[in-house]
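Right, one structure below, let's go through it.
Along the sequence shown, residues are numbered consecutively beginning with 1.
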Amino acid sequence: MLTSKGQTRRDEILKVAREALSESGYDGVSLRDIANRLDIKLGNLQYYFATREDLFVALIKREGEQDVETIRSHLAAHDDPRDAFDRIALDLLRRWRGESAVVYLLMQVLRAHRPAFEELCNSIYQQHYEALSSLILQMRPDLGEADAMRKAHLVTALLDGALLQMVSPTDKDSFSKHVVNEARLLIHK
């Protein structure tokens, strides 16, 4: 278990790794590069992340945790589940337009080639589905858990697909609102 100072350093490493990934892409990020950016010795960085794969696993996990936290915080902050859903979907799309997009695209590429990333991806999506299905059951109490989970999969597929399509629309906010409206319709079908 890390001390609070150690956790702060670990968070700083992940932040810099995320920025480096966004700037340089997967092939342009090395542990040595991250250590140089942080002005620390490579050995000190490897205390936290022994390999580049360990670093990327932690970075992807962090991204998934932040998305689930976005869902949970809106659920707690909004009495109306429909309002919470709209805020959640818009926040997720906004996050995914930024550096999160690079992290998630990396996850998708790595999962095709490395079993550890396949398991990680499945775990992240399962947490996401569970959080969304809970919200969907609040919006549609007439659904069973299996139907709510199926709709969580569909909504996630729509939001994920929007991430890939968001590179071309000039008015990304308008596009995001249309995506959220379509996702809400999926829930009510």
Original post:
Are Ile40 and Leu59 linked, directly or through other ILVMFWY residues, by side chains that come within less than 4.5 angstrom of each other?
Top reply: yes
Atom pairs and distances, donor-acceptor, side-chain atoms in residues 79-92, under 3.5 Å, two or more places apart:
from: Asp80; atom 1: OD1; to: Arg82; atom 2: N; distance (Å): 3.0
from: Arg82; atom 1: NH1; to: Met139; atom 2: O; distance (Å): 3.3
from: Asp86; atom 1: OD1; to: Arg184; atom 2: NE; distance (Å): 2.9
from: Asp86; atom 1: OD1; to: Arg184; atom 2: NH2; distance (Å): 3.1
from: Asp86; atom 1: OD2; to: Arg184; atom 2: NH2; distance (Å): 3.1
from: Asp91; atom 1: OD2; to: His74; atom 2: NE2; distance (Å): 2.6

Test log, rule side chain to side chain donor-acceptor pair (under 3.5 Å), inputs Arg150 and Ser133: CA-CA 8 Å; Arg150 184 178 53 79; Ser133 69; over 6 Å; no
Discussion item. Looking at Thr70 and Gln66, would you say the former's side chain and the latter's main chain have a donor-acceptor pair under 3.5 Å?
Written reply: yes
Is Arg140 reaching over with its side chain to a backbone N or O of Ala148, donor-acceptor style, under 3.5 angstrom? no
Across all chains, not counting sequence neighbours, the ring pair (Phe, Tyr, Trp, His ring centres under 6.0 Å) partners of His178 are none
Check this for me, if you would: do Arg95 and Glu63 make a salt bridge, where the nitrogen-to-carboxylate-oxygen distance has to be below 4.0 angstrom? yes
Can you check whether Tyr104 reaches Asp160 side chain to side chain, under 4.5 Å on heavy atoms? no
OG (Ser176) and CG (Leu159) are apart, to the nearest 0.5 Å, by 9.5 Å
Rounded to the nearest 0.5 angstrom, the CD-CG distance for Glu19 and Leu14 is 11.5 Å
Rounded to the nearest 0.5 Å, the CD atom of Gln46 sits from the OG1 atom of Thr51 at a distance of 9.0 Å
Distance col, row Asp67:CG vs Leu132:CG, nearest 0.5 angstrom, shows 10.0 Å
- Inspect the surroundings of CG in Asp39 and state if more than 12 heavy atoms from other residues, nucleotides or ligands are less than 6.0 Å away. no
In terms of hydrophobic clusters joined by side-chain contacts under 4.5 Å, are Phe175 and Leu93 together? yes
Sequence neighbours excluded, the answer for ring pair (Phe, Tyr, Trp, His ring centres under 6.0 Å) partners of Tyr47 is none
_Do Ile13 and Leu42 sit in one hydrophobic cluster, given that two such residues count as connected whenever their side-chain heavy atoms are within less than 4.5 Å of each other, even indirectly?_
yes
The reported gap from CD in Glu130 to CD1 in Ile71 (rounded to nearest 0.5 angstrom) is 11.0 Å
| task | Report yes or no: do Val68 and Met149 belong to one cluster of Ile/Leu/Val/Met/Phe/Trp/Tyr joined by side chain heavy-atom distances under 4.5 Å? | result | no
Residue set satisfying side chain to side chain contact (heavy atoms under 4.5 Å, CB included) with Arg114, at least two apart, ordered chain then number -> Tyr26, Glu53, Leu110, Phe117
Ignoring hydrogens and angles, tell me if any N or O in the side chain of Ser73 forms a donor-acceptor pair with the backbone of Glu69 under 3.5 Å.
yes
Answer yes or no: is there a side-chain heavy-atom contact under 4.5 Å between Lys15 and Glu12? no
Interatomic distance, CZ@Arg62 vs OG@Ser100, rounded to 0.5 Å, equals 12.0 Å
Next item on the list: Please state whether the rings of Tyr129 and His153 are parallel, tilted or perpendicular, taking 30° and 60° as the class boundaries.
Entry: parallel
* **Side chains of Leu186 and Glu182 in contact at under 4.5 Å (non-hydrogen atoms)** => no
The side chain to side chain donor-acceptor pair (under 3.5 Å) partners of Asn36 (sequence neighbours excluded) come to none
* Are Glu23 and Arg37 ion-paired here, with the side-chain N under 4.0 Å from a carboxylate O? -> yes
message = What I'd like to find out is whether the side chain of Met107 reaches to under 4.5 Å of the side chain of Val103, using heavy atoms alone.
response = no
Checklist entry - Quick one: does Leu55's side chain get under 4.5 Å of Tyr48's, heavy atoms only? => result no
- Message: Please say yes or no: joined through hydrophobic side-chain contacts below 4.5 Å, possibly via intermediate residues, are Val16 and Leu31 part of one cluster?
- Response: yes
Between Asp33 and Ser30 the two heavy atoms that sit nearest each other are N-OG, 3.0 Å
In short, Ala20 meets Ile34 closest at the heavy-atom pair CB-CD1, 3.7 Å
Residues passing the side chain to side chain donor-acceptor pair (under 3.5 Å) test with Arg111, sequence neighbours excluded, are Gln108, Glu118, Asn122
Non-hydrogen side-chain atoms of Arg18 and Val102 separated by less than 4.5 Å
no
Next on the checklist: Between Lys151 and Ile136 (side chain of the first, backbone of the second, donor and acceptor by atom type, cut-off under 3.5 Å), is there such a pair?
Outcome noted: no
